[in-house]
Colleague: 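Mind looking over this structure? Questions follow.
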There are 2 protein chains.
Amino acid sequence: MDYTRDNMAGLLRSHDINPTHQRIEIAHALFSRQEHLSADQVMAIVNTRHSETSKATVYNTLKLFLEKGLVREVIVDPSKVFYDPNTSPHHHLYEVDSGKLSDIDAGHVQISGLPPLPEGMVTEGIDLIVRVRRNG
Amino acid sequence: MDYTRDNMAGLLRSHDINPTHQRIEIAHALFSRQEHLSADQVMAIVNTRHSETSKATVYNTLKLFLEKGLVREVIVDPSKVFYDPNTSPHHHLYEVDSGKLSDIDAGHVQISGLPPLPEGMVTEGIDLIVRVRRNG
DNA sequence: TCCGGATATTAGACAAAGTCCAGATCCGTG
DNA sequence: CACGGATCTGGACTTTGTCTAATATCCGGA
Ligand SMILES: [Mn+2]
Ligand SMILES: [Mn+2]
Ligand SMILES: [Zn+2]
Ligand SMILES: [Zn+2]
């Protein structure tokens with residue numbers, strides 16, 4: 001099962017998203033690469049040949065994907081949000097200098113000893129980000 | 001030892017920062033409150049009585065404090081950076097709805113099983129953010 | 001097929017955070 | 001006082017993201 005454009009329609013439907021041409025292109029950009037992309041990067045990829053999708057649609061669509069749980073948001077860089085097609089629980093390694101962002105498998109990572117949450121609060125997610133830089 | 005303006009000068013000097021009037025005011029805003037503040041909030045605090053410090057100076061000064069290790073940056077909200085006068089290792093609890101950011105003591109929290117870093121990389125920091133929302 | 005409403009897309013104006021620069025100001029030293 | 005380096009400043013500028021009103025597309029029923 002690979003991430004062809006044709007398969008994107010089903011993926012979108014399975015997340016209760018009406019598959020339009022633009023949405024398929026944006027999903028394809030994210031899922032065929034399996035990379036963390038900013039809105040800007042998505043915009044550039046989707047419009048490589050000629051301009052096909054507006055900025056408003058890129059932002060609207062990424063927000064929709066997020067709401068529907070198709071992608072995840074990763075906040076590591078103060079200047080832009082990254083969108084992550086990998087929604088299974090995992091962590092991130094961020095290279096501060098290059099801006100390169102990669103996944104850390106949740107497999108063996110264990111976080112223990114967190115204090116109880118304040119009354120009436122529920123966890124939405126736990127983000128673990130390892131910030132690294134080139135040694136020198 | 002409390003965070004009076006007079007004590008700020010020594011704190012700045014001990015971090016190799018030339019204590020100017022503006023820098024003392026900005027340090028005082030952060031350290032007397034011991035809260036996470038955005039540049040915008042610092043700006044507002046410092047200029048409550050009448051305008052005393054420019055936007056450029058607030059941004060320059062916060063960046064200087066960061067470089068000198070006097071404060072820490074917390075990236076949790078895609079729309080603004082928070083500055084943290086607490087530089088000892090600790091984690092964060094972020095209330096997504098209200099935007100409220102609070103500290104989690106590093107005391108009993110343990111993170112284990114992280115994979116080895118890529119060759120030639122060195123850890124700059126590990127950020128653990130617990131995102132919570134009001135139950136309902 | 002044609003119609004009408006709902007849904008989706010668009011250009012471009014707008015907002016907010018942050019950066020940059022050239023000129024002014026401050027301040028310690030001679 | 002004069003000089004020079006460090007600091008500060010207003011305001012233009014950039015980037016990321018939001019909003020809106022107009023248009024386009026889709027789709028079920030007559
Ligand atoms: Mn310190
Ligand atoms: Mn922004
Ligand atoms: Zn990821
Ligand atoms: Zn903190």
Colleague: Would you list the atom pairs, donor with acceptor, under 3.5 Å between side chains in residues 105-118 of chain A and any protein atom, with sequence neighbours excluded?
Modeller:
unit_1    : atom_1 : unit_2    : atom_2 : d
Asp105(A) : OD2    : Gly107(A) : N      : 2.7

Colleague: Please write out each protein N/O paired with an N/O of nucleotides 6-9 of chain D under 3.5 Å, distance rounded to 0.1 Å.
Modeller:
unit_1 : atom_1 : unit_2   : atom_2 : d
dT7(D) : OP1    : Asn18(B) : ND2    : 3.4
dT7(D) : OP1    : Arg23(B) : NH1    : 3.1
dC8(D) : OP1    : Thr20(B) : OG1    : 2.5
dC8(D) : OP1    : Gln22(B) : OE1    : 3.0
dC8(D) : O3'    : Gln22(B) : NE2    : 2.9
dT9(D) : OP1    : Gln22(B) : NE2    : 3.4
dT9(D) : OP1    : Glu52(B) : O      : 2.8
dT9(D) : OP2    : Ser54(B) : N      : 3.0
dT9(D) : OP2    : Ser54(B) : OG     : 3.3
dT9(D) : OP2    : Thr57(B) : OG1    : 2.9

Colleague: So, for Ala9(B) and Ile24(B), which heavy atoms are closest and what is the spacing to 0.1 Å?
Modeller: CB-CD1, 4.2 Å

Colleague: Under a 4.5 Å cut-off applied to non-hydrogen side-chain atoms, are Tyr83(B) and Arg72(B) in contact?
Modeller: no

Colleague: What is the distance, rounded to the nearest whole Å, between atom CD1 of Ile17(A) and atom C1' of dC26(D)?
Modeller: 18 Å

Colleague: For nucleotides 24-30 of chain C, read 5' to 3', which letter fits each nucleotide if B means a protein heavy atom sits under 4.0 Å from the base, S means only the sugar-phosphate is that close, and - means neither?
Modeller: -------

Colleague: Mind checking what makes side-chain hydrogen bond (donor to acceptor under 3.5 Å, both in side chains) contact with Thr4(A), not counting sequence neighbours?
Modeller: Asn7(A)

Colleague: Would you list the pairs meeting side-chain hydrogen bond (donor to acceptor under 3.5 Å, both in side chains) in which at least one residue belongs to residues 118-131 of chain A, sequence neighbours left out?
Modeller: Glu124(A)-Arg133(B), Asp127(A)-Arg131(B), Arg131(A)-Asp127(B)

Colleague: Checking His91(B) against Asp103(B): is there a side-chain donor and acceptor pair closer than 3.5 Å?
Modeller: no

Colleague: Between Asp97(B) and Arg134(B) (salt bridge meaning N to carboxylate O under 4.0 Å), is one present in this structure?
Modeller: no

Colleague: Just so I know, are the side chains of Gln41(B) and His36(B) near enough to count as touching, which here means a heavy-atom distance under 4.5 Å?
Modeller: no

Colleague: What closest approach, in Å, do Gln22(B) and Thr57(B) show between heavy atoms, and which atom pair accounts for it?
Modeller: CB-CG2, 4.0 Å

Colleague: Does OP1 or OP2 of dT19(C) have a side-chain N or O of Tyr59(B) closer than 4.0 Å?
Modeller: no

Colleague: Rounded to whole Å, please give me the gap between CD in Glu73(A) and C1' in dT16(D).
Modeller: 13 Å

Colleague: Under 3.5 Å, is there a donor-acceptor pair linking the side chains of Asp40(A) and Ser38(A)?
Modeller: no

Colleague: If you take any heavy atom closer than 4.0 Å to DNA chain C, which residues from residues 27-49 of chain A end up in contact?
Modeller: none

